[in-house]
Amino acid sequence: MTKLSVVVPCFNEEAVIEAFDREVREVLGTLPVTYEICYVDDGSRDGTLPKLRRIAAEHGDRARYVSFSRNFGKEAAMLAGLREATGDAVVIMDADLQHPPELIGRMLELYQQGHDQIIARRTRDGDRPLRTALSRLYYRGVNRWVDVELTDGVGDFRLLSRPAVDALLSMPEYNRFSKGLFSWIGFDTVHFDYRNAQRGAGETKWRFGALLNYGMDGLISFNNRPLRVGIWMGAALTALAALYALWVIAMALAFGVSAPGYVTLVAISVGLGGVQLVMLGLIGEYIGRIYYETKRRPHFLVKEAHVPGAAGALTAARTAGEQRAGLGEPVRPVRP
Ligand code: UDP
Ligand code: MG
C-alpha cells in the first residue's frame with residue numbers, strides 16, 4: 001500500500017492546528033493509504049508546540065514533529081518536513097485549512113495514474129483586489145525574466161512523488177525559493193484548480209513588505225539576467241551620451257559656445273546616477289546571496305523532535321543526493 005506523508009509547516013498556529021489535524025486525519029482515514037503527518041514547528045511563540053506534543057502522543061507513528069530553535073521561515077520548515085517524510089508520496093499543505101484536505105484524494109488518484117507533481121492551483125476569490133492585481137502583474141512580468149515557469153495561484157499545496165522529493169532534497173542551496181525549485185526539477189506535472197478558502201483561524205504571516213521581498217527572491221533566485229540588463233542599459237546610455245556629445249560639439253562649432261543646456265546636464269547626471277545605484281543594488285543582491293551560500297550554514301536548527309521508531313530518523317531521512325551535495329553535519333534532534 002502507498003505510504004503518504006503530509007508535511008505541515010506551522011508558525012503560531014495554535015488557534016487552528018487541532019482542527020487541522022482532525023480534518024486531515026478524517027480525510028486520510030478514508031483513503032487507501034497508510035499515512036503519517038509531519039509537523040514542523042517553525043519557532044512558534046504561542047501554544048503550537050505543546051499542541052503538537054499532544055497530537056504526537058495521541059497518534060503514535062502516524063504523527064511526528066520537528067521544532068525549530070527559532071523562526072527560520074516557511075522555506076526552511078518545508079525542507080525540514082521533506083527530510084522527515086518517509087512516504088512514497090508527500091503532500092505539502094498549510095496548517096490554516098486554506099488548503100482543503102479533501103483534495104488529497106484527488107491528488108492521490110492522479111499520483112496513482114503516474115504523475116510526479118500534482119499541483120492544486122487556487123483561484124484568487126476572496127483575496128484583496130489590490131493584492132490580486134499586483135500578483136497578476138508580478139507573474140506576468142517575472143516570467144519574462146526567469147528560466148523557470150512561475151504560475152499565479154500555484155503555491156506550495158501539492159503532492160510530490162518520492163523521486164521528486166529526492167530531487168528537491170538534492171539541492172543544497174541556502175536561498176530557497178520553493179516555487180522556482182518545484183518548477184526547476186521538472187518531472188511529470190499536472191495542475192487542477194480549487195476555490196480559495198479563508199483561513200480557519202489565526203492570521204496570515206505575510207506583511208506587504210515580506211511579499212515584496214519574496215517577489216525579489218523570485219526574480220533573482222533563478223538566473224543572472226537582471227545583471228545583463230545593466231550591461232545593455234549601460235551600453236545604450238553610453239552610446240546616447242556619445243551621440244549627444246558629438247551633437248553639442250557640432251552645435252558649438254557652428255554657432256559658438258553659450259550657456260544653455262544646464263537643465264539637460266543635471267537631468268542626465270541624475271538619471272545616470274539612478275541607473276548606477278539600481279545596478280549596484282542588483283549586484284549587491286547577488287553578492288549577498290553568494291555570501292550566504294559560501295557560509296554553508298544549516299537551513300534550520302532543531303531544538304526538539306518527535307520521531308517515532310528509530311531515534312535520529314532526521315538523519316536517516318537525509319538522501320543519498322544530499323550526502324553527495326555535502327550538506328555538512330546534520331542537526332541532531334534532541335528529545336524533550
Ligand atoms: N509559516 C511558517 N513559517 C513562517 C510563516 C508561515 O511555517 O515563517 C506557515 C504557516 O504556519 C502556514 C503556512 O506557512 O501553515 C502559510 O502561512 P500563511 O497562512 O500565514 O500565509 P498565506 O496563506 O497568507 O499566504
Ligand atoms: Mg494561509
Side-chain angles (χ1 to χ4, degrees), residues 5-24 37-52 55 63-85 90-101 103-104 119-132 134-136 138-139 150-158 175-179 181-182 194-215 217-218 299-305:
S5 301
V6 179
V7 165
V8 192
C10 317
F11 177 51
N12 293 346
E13 301 287 7
E14 68 172 355
V16 71
I17 194 75
E18 281 161 329
F20 171 88
D21 191 72
R22 216 175 313 118
E23 286 197 27
V24 172
I37 306 185
C38 310
Y39 290 98
V40 181
D41 164 37
D42 186 9
S44 300
R45 287 179 283 269
D46 64 355
T48 304
L49 181 56
K51 289 192 171 174
L52 289 183
I55 287 171
R64 46 170 74 204
Y65 68 81
V66 173
S67 177
F68 289 177
S69 60
R70 64 169 171 85
N71 180 248
F72 280 90
K74 189 184 177 190
E75 296 288 348
M78 286 195 294
L79 177 67
L82 290 177
R83 280 190 195 167
E84 270 293 271
V90 179
V91 173
I92 303 175
M93 59 197 297
D94 287 359
D96 56 9
L97 289 170
Q98 277 184 311
H99 296 160
L103 295 181
I104 296 175
I119 303 168
R121 183 170 44 197
R122 74 190 181 104
T123 57
R124 286 196 173 266
D125 305 352
D127 265 15
R128 265 176 299 160
L130 180 68
R131 188 169 154 180
T132 309
L134 285 178
S135 297
R136 289 246 162 83
Y138 172 74
Y139 282 106
L150 302 179
T151 317
D152 188 17
V154 166
D156 303 314
F157 186 25
R158 63 184 69 215
N175 291 288
R176 296 184 83 80
F177 183 72
S178 280
K179 271 191 191 195
L181 295 179
F182 287 142
Y194 70 97
R195 267 180 71 92
N196 189 27
Q198 296 300 320
R199 239 176 185 279
E203 57 181 46
T204 178
K205 279 93 207 167
W206 288 103
R207 299 277 164 270
F208 188 68
L211 274 178
L212 277 186
N213 277 327
Y214 186 69
D217 281 344
H299 296 84
F300 52 82
L301 294 172
V302 174
K303 72 171 176 203
E304 177 181 329

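Below, each value reflects all heavy atoms present in this structure, side chains not excepted, and no hydrogens, waters or symmetry copies. In each ligand, atom 1 is the first atom listed, and ligand 1 is the first ligand listed.
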Peer 1: So, do Tyr39 and Thr48 sit near enough that their side-chain heavy atoms are less than 4.5 Å apart?
Peer 2: no

Peer 1: Within 45° of the axis and under 6.0 Å from the centre of the six-membered ring of Phe157, does NZ or CZ of Arg122 qualify?
Peer 2: no

Peer 1: So which heavy atom in the protein is nearest atom 21 (O) of ligand 1, and how far is it from that ligand atom?
Peer 2: Trp206 CD1, 3.1 Å

Peer 1: Numbering the atoms of ligand 1 from 1, which are under 4.0 Å from a heavy atom of Asp42?
Peer 2: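 Once the distances to Asp42 are compared, the set is 2 (C), 3 (N), 4 (C), 7 (O), 8 (O).
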
Peer 1: For a 4.5 angstrom cut-off between non-hydrogen side-chain atoms, does Phe182 reach Ile92?
Peer 2: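 Yes - at least one pair of side-chain heavy atoms lies under 4.5 Å apart.
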
Peer 1: What protein heavy atom sits nearest atom 18 (P) of ligand 1, and how far away is it?
Peer 2: Arg199 NH2, 3.4 Å

Peer 1: Closer than 4.0 Å to some heavy atom of Cys10 - which atoms of ligand 1 meet that?
Peer 2: 7 (O), 11 (O)

Peer 1: For atom 1 (N) of ligand 1, find the nearest protein heavy atom and state the residue, atom name and distance (0.1 Å precision).
Peer 2: Phe11 CB, 3.8 Å

Peer 1: What is the closest protein heavy atom to atom 24 (O) of ligand 1, and at what distance does it sit?
Peer 2: Thr204 OG1, 2.5 Å

Peer 1: With heavy atoms only and a cut-off of under 4.0 Å, state how Asn71 meets ligand 1: side chain, backbone, both or neither.
Peer 2: side chain

Peer 1: For atom 23 (O) of ligand 1, find the nearest protein heavy atom and state the residue, atom name and distance (0.1 Å precision).
Peer 2: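 It is Gln98 OE1, 2.6 Å.
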
Peer 1: Would you mind checking which non-hydrogen protein atom is closest to atom 20 (O) of ligand 1, with the distance to 0.1 Å?
Peer 2: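 Atom 20 (O) of ligand 1 sits closest to the protein heavy atom Lys205 N, 2.7 Å.
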
Peer 1: Run the numbers for me: atoms of ligand 1, each under 4.0 Å from some heavy atom of Ala95, listed by number.
Peer 2: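 Near Ala95, the atoms of ligand 1 are 15 (O).
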
Peer 1: Any luck finding a side-chain donor-acceptor pair between Tyr65 and Glu84 under 3.5 Å?
Peer 2: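 The criterion, which ignores hydrogens and geometry beyond distance, is not satisfied for Glu84 and Tyr65.
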
Peer 1: Closest approach of Lys74 and Asp42, non-hydrogen atoms and distance?
Peer 2: N-OD2, 3.7 Å

Peer 1: Please confirm whether Arg136 makes a cation-pi placement over Tyr138, using NZ or CZ under 6.0 Å from the six-membered ring centre and within 45° of the ring normal.
Peer 2: no

Peer 1: With heavy-atom distances below 4.5 Å as the criterion, would you say the side chains of Phe300 and Arg70 are in contact?
Peer 2: no

Peer 1: Look at atom 10 (C) of ligand 1 and say which protein heavy atom is nearest, naming residue and atom and giving the distance to 0.1 Å.
Peer 2: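 Checking every protein heavy atom, the shortest distance to atom 10 (C) of ligand 1 gives Glu13 OE2, 3.1 Å.
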
Peer 1: If we ignore angles and hydrogens, is there a donor and acceptor under 3.5 Å between the side chains of Ser178 and Glu75?
Peer 2: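 A pair is found: one side chain offers a donor N or O, the other an acceptor, under 3.5 Å apart.
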
Peer 1: Got the closest protein heavy atom to atom 16 (C) of ligand 1, with its distance?
Peer 2: Asp94 OD2, 3.1 Å

Peer 1: Are any N, O or S atoms from Asp94 nearer to the Mg ion (ligand 2) than 2.8 Å?
Peer 2: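 No N, O or S atom of Asp94 is closer than 2.8 Å to the Mg ion (ligand 2), so no.
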
Peer 1: If you check every N/O/S atom of Asp96, which is the one nearest the Mg ion (ligand 2)?
Peer 2: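 So the atom name we want here is OD2.
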
Peer 1: Rounded to the nearest 0.5 Å, what separation is found between the CG atom of Leu134 and the CG atom of Leu212?
Peer 2: 8.5 Å

